[in-house]
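Because only heavy atoms are used, hydrogens play no part in the values below, and waters and symmetry mates are left out as well, while side chains stay in. It should be emphasised that the depicted structure is a prediction, and the values quoted were computed from it without experimental measurement. Counting begins at 1 with the first residue of the sequence.
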Amino acid sequence: MKYLYYIYQLIVGLPVVILGTIITALTVATGCALGNGHFWGYFPGHVWGKVIIRSLLLPVKVEGREHLDKDQSYVFVANHQGSFDIFLIYGFLNRNFKWMMKQALRKVPFLGFACERSHQIFVDKRGPSKIRKTYDDARRILEQGYSVTVFPEGARSFTGHMAHFRKGAFALADELQLPVVPLTINGSFDVLPRMKGFNFITWHPLSLTIHEPIYPVGQGPENVEATMRQAYDSVMSSLATEYQGFVENPDQ
């Protein structure tokens, strides 16, 4: 069965990923140029993520959507097990949001262009003015009633385990007094572990656990630290047993 699945990936999965990514990027760019960037910046990506996972026959389980209020802005924070985290969150969180992503992704063909056109938030650390712009962009999105999604580890895991969380997303939530929603991803590392070059994916179920929102109980450094610790513990609590526990990520 493994080799049949490899053949299926080459014949069906790979063309869907490549063509779907190109079509989605062009749709996002065109739609955002015509207007309503919040719709075109989210909905094509939502369909893209769902189609890619479904085309690769990966089962998905989502828990905890009942914790979310449709009229509330959130700062979503998720562990970063692998590349399929993007497809899983885009396709199955079912919330209109903007990504906070590495500045380097701006240079990825098609993807970077679409993200720029749809006003995704690039985290630029090349000096104080660039950092301020990152926060200003995120603040504008949240103040308009939308949400943002962040991988606070800053990089994909090499082991499937979680590394440290960085404070940026929690400081933003603290400044605007918004709830933080932890997301636990399972299965993404098993589907495609982080490694160099082209690799076949492994069939494995994916799951997305949406934890209860963490509302601010104050403002300032103590609230940031407390929220970050609580979010970390929430994400860790739902990780598969084999990925429990902290492992340092040299790419952080």
*Can you tell me how far CD1 of Ile52 sits from CZ of Arg54, rounded to the nearest 0.5 angstrom?*
13.0 Å
*Fit a plane to each ring of Tyr90 and Tyr42, take the angle between them on a 0 to 90° scale, and name the class: parallel (under 30°), tilted (30 to 60°) or perpendicular (over 60°).*
tilted
*Could you walk me through whether Leu57 and Tyr8 pass side chain to side chain contact (heavy atoms under 4.5 Å, CB included), step by step?*
CA-CA 10 Å; Leu57 311 179; Tyr8 175 85; 3.7 Å; yes
*Tell me whether Tyr215 is reachable from Val181 by hopping between hydrophobic residues (I, L, V, M, F, W, Y) whose side-chain heavy atoms are closer than 4.5 Å.*
yes
*What pair of heavy atoms forms the shortest contact from Gln120 to Lys98, and how long is it?*
OE1-CA, 3.3 Å
*State the CD1-OG1 distance between Ile22 and Thr27, to the nearest 0.5 angstrom.*
11.5 Å
*Parallel, tilted or perpendicular for Phe97 and Trp99, by the 30°/60° rule?*
perpendicular
*Spell out, as yes or no, whether a donor-acceptor pair under 3.5 Å connects the side chain of Asn249 to the backbone of Phe158.*
no
*Could you label the plane-to-plane angle of the Phe200 and Tyr6 rings as parallel, tilted or perpendicular, counting under 30° as parallel and over 60° as perpendicular?*
parallel
*For His161 and Glu248, run side chain to side chain contact (heavy atoms under 4.5 Å, CB included): C-alpha distance rounded to whole Å, both residues' side-chain angles, the deciding distance at 0.1 Å, then the answer.*
CA-CA 8 Å; His161 294 259; Glu248 187 172 358; over 6 Å; no
*Identify the heavy atoms of Arg194 and Phe189 that sit nearest to each other, and give their distance.*
N-CE1, 4.1 Å
*Do Asn79 and Ser157 come close enough that some side-chain heavy atom pair is under 4.5 Å?*
no
*Compare every heavy atom of His67 with every heavy atom of His211, then report the nearest pair and how far apart it is.*
C-ND1, 3.6 Å
*asked:* Can you confirm whether Gln177 is buried at CD, in the sense that more than 12 heavy atoms of other residues, nucleotides or ligands lie under 6.0 Å from that atom?
replied: yes
*asked:* Restricting to non-hydrogen atoms, name the atom on Gly91 and the atom on Lys50 that form the minimum distance, rounded to 0.1 Å.
replied: O-CE, 3.1 Å
*Using the rule that two of Ile, Leu, Val, Met, Phe, Trp, Tyr join whenever any of their side-chain heavy atoms come within less than 4.5 Å, decide whether Val28 and Val16 are in one cluster.*
no
_Just verifying a value: how many Å separate Asn96 CG and Lys70 NZ, rounded to the nearest 0.5 Å?_
14.0 Å
*Would you mind telling me which of Asp190, Thr159, Asn186 makes a side-chain hydrogen bond (donor to acceptor under 3.5 Å, both in side chains) with Tyr243?*
Asp190
_Rounded at 0.5 Å granularity, tell me how far CD1 in Ile86 sits from NE2 in His80._
5.0 Å
*Pairwise side-chain contact, Met1 with Leu4, heavy-atom cut-off 4.5 Å (strictly under)*: yes
*Return yes when atom CZ of Phe43 has more than 12 non-hydrogen atoms of other residues, nucleotides or ligands closer than 6.0 Å, and no otherwise.*
no
*With the side chain counted from C-beta on, respond yes when Leu183 and Leu208 share a heavy-atom pair under 4.5 Å apart, and no when they do not.*
yes
*Does the side chain of Glu153 come within less than 4.5 Å of Phe165's, by heavy atoms?*
yes
*Report yes if the distance between the aromatic ring centroids of His164 and Phe246 is under 6.0 Å, otherwise no.*
yes
*Nearest heavy-atom pair of Leu142 and Tyr74: which atoms, and what distance?*
CD2-O, 3.8 Å
*Residue pair Ile214, Phe170: steps toward the side chain to side chain contact (heavy atoms under 4.5 Å, CB included) verdict*: CA-CA 11 Å; Ile214 303 169; Phe170 304 97; over 6 Å; no
*Drop me the distance from Ile7's CD1 to Lys2's NZ, to the nearest 0.5 angstrom.*
12.5 Å
*Pairwise distance CZ(Arg95) to OG1(Thr149) - rounded to 0.5 angstrom*: 9.5 Å
*Less than 4.5 Å apart, any side-chain heavy atom of Tyr5 and any of Ile201?*
yes
_Trp40 reachable from Ile23 in the ILVMFWY side-chain graph, under 4.5 Å edges_ = no
*Any donor-acceptor N/O pair, Glu63 side chain to Thr209 backbone, under 3.5 Å*: no
_If you apply the rule side chain to side chain contact (heavy atoms under 4.5 Å, CB included), what do you find for Gln219 with Asp174, and how did you get there?_
CA-CA 6 Å; Gln219 192 167 23; Asp174 175 74; 3.6 Å; yes
*Would you say Leu68 and Val60 are hydrophobically clustered, going by side-chain heavy atoms of ILVMFWY under 4.5 Å?*
yes
*Taking all atoms of both residues into account, what is the closest heavy-atom pair of Leu178 and Ser73, and its distance?*
CD2-O, 4.0 Å
*Would you mind reporting whether Met236 and Thr184 have side-chain heavy atoms less than 4.5 Å apart?*
no
*State, yes or no, whether a side-chain contact exists between Phe84 and Leu56 at a heavy-atom distance under 4.5 Å.*
yes
*asked:* Using side-chain heavy atoms (C-beta onward) and a distance below 4.5 Å, is Phe92 in contact with Leu206?
replied: no
_Is there a path of hydrophobic side-chain contacts, each under 4.5 Å between heavy atoms, that joins Val51 and Ile11?_
yes
